[in-house]
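We number each residue from 1, following the sequence as shown.
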Amino acid sequence: MTTPPLFSALQVMQDAPVIPVIVLTDVAHAVPMARALVAGGVRMLEVTLRTPQALACIEAIARDVPQAVVGAGTVRSRADAQAAAQAGARFAVSPGYTSAVGQACRDAGLALLPGVATGSEIMMAREDGFTELKFFPAMQAGGPAMLKAWSGPFFDIRFCPTGGVTLSNAPDLLALPNVVCVGGSWLVPADALAQGDWARITQLARDTQKLQGK
Ligand code: 3PG
């Protein structure tokens, strides 16, 4: 049984120029952090499944911050996809791609941004029907030059480069026709979370509004 996702991967990508990649270690941080990002104009939030608290954080945001659309990052298995959907995630992001993860997200009703770093991975994701992909780790694996090279053979694929992206290098990536948005962790610094500095997170989100997504 396949449940249609509420949001397509393209809608997730087009909502704002930057998808924040979030690592949370304290459930108490989840809701004020999400509200701070929404206040700065960023509502598609990728909470990575990298900490024991991640699923509870997704659940809290889904329940208490209706203006946000919470997704799960670091989805690496069928179990991750199922747990993310159950916690209330609306989309998933994976660091790599397998057909099992692709199918699990479809079954769970989650839009998926599959991670790719090579031509073969792009071809596998495309064979399974995914044409909006995360390029990860983007700057380490070739950056804008790689995306330019891919635009020839993979003319029908759109990317969200993530990994090593900053406010300074984002414009070069966003200027490329095959880039819709970028992803990055800089909007939610660990020290801002630890200090409860929500105003700083709102400002970091606001700063991304001057970038041009598509
Ligand atoms: C990740 O999965 O860690 C993201 O790609 C974030 O990378 P960044 O910290 O370089 O933004």
Considering non-hydrogen atoms only, spot the tightest contact between [X] and [Y] and give its length.
X: Pro114; Y: Glu132; answer: CD-O, 3.3 Å
X: Ile19; Y: Cys181; answer: CD1-SG, 3.9 Å
X: Thr208; Y: Pro17; answer: O-CG, 3.6 Å
X: Gly143; Y: Leu173; answer: C-CD2, 4.4 Å
X: Ala92; Y: Cys105; answer: CB-SG, 3.8 Å
X: Ser151; Y: Lys148; answer: OG-O, 2.6 Å

Nearest 0.5 Å, please: how far is [atom2] in [Y] from [atom1] in [X]?
X: Glu121; Y: Met124; atom1: CD; atom2: CE; value: 6.0 Å
X: Ser94; Y: Leu110; atom1: OG; atom2: CG; value: 11.0 Å
X: Thr74; Y: Asp80; atom1: OG1; atom2: CG; value: 8.5 Å

Indicate yes or no: at least one non-hydrogen side-chain atom of [X] is less than 4.5 angstrom from one of [Y].
X: Met123; Y: Phe154; answer: yes
X: Pro171; Y: Leu211; answer: yes
X: Pro189; Y: Leu204; answer: yes
X: Leu112; Y: Val101; answer: yes
X: Met33; Y: Val31; answer: no
X: Met44; Y: Phe91; answer: yes
X: Gln53; Y: Thr25; answer: yes
X: Thr162; Y: Val182; answer: no

Would Gln11 and Asp15 count as a side chain to side chain donor-acceptor pair (under 3.5 Å) if you check the C-alpha gap in whole Å, the side-chain angles of each, and the deciding distance to 0.1 Å?
CA-CA 6 Å; Gln11 285 172 316; Asp15 207 66; over 6 Å; no
In sequence, state the C-alpha distance, the side-chain angles, and the governing distance for Met13 and Phe7, and then conclude on side-chain contact (heavy atoms from CB on, under 4.5 Å).
CA-CA 10 Å; Met13 289 165 92; Phe7 295 92; over 6 Å; no
I'd like to know if the side chain of [X] and the backbone of [Y] have a donor-acceptor N/O pair within less than 3.5 Å.
X: Thr48; Y: Gly73; value: no
X: Lys134; Y: Pro161; value: no
X: Asn169; Y: Val165; value: no

Indicate if [X] and [Y] have the same hydrophobic cluster label, given that clusters are the connected sets of ILVMFWY residues with side-chain heavy-atom separations under 4.5 angstrom.
X: Val70; Y: Leu49; result: yes
X: Val23; Y: Leu193; result: no
X: Val21; Y: Val69; result: no
X: Ile157; Y: Tyr97; result: yes
X: Ile61; Y: Ile201; result: yes

Is it the case that atom [atom1] in [X] sees more than 12 heavy atoms from other parts of the structure closer than 6.0 Å?
X: Gln67; atom1: CD; value: yes
X: Arg200; atom1: CZ; value: yes
X: Gln209; atom1: CD; value: yes

Decide whether Asp128 and Ser99 meet the rule of one side-chain donor and one side-chain acceptor closer than 3.5 Å.
yes
Using 4.0 Å as the upper bound for N to carboxylate O, is an ion pair formed by Arg78 and Asp107?
yes
Close aromatic pair by centroid cut-off 6.0 Å: Phe159 and Trp150:
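Between Phe159 and Trp150, the centre distance is under 6.0 Å.
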Taking the six-membered ring of Phe130 (Phe, Tyr or Trp), confirm whether the NZ or CZ of Arg106 is under 6.0 Å from its centre and within 45° of its axis.
yes
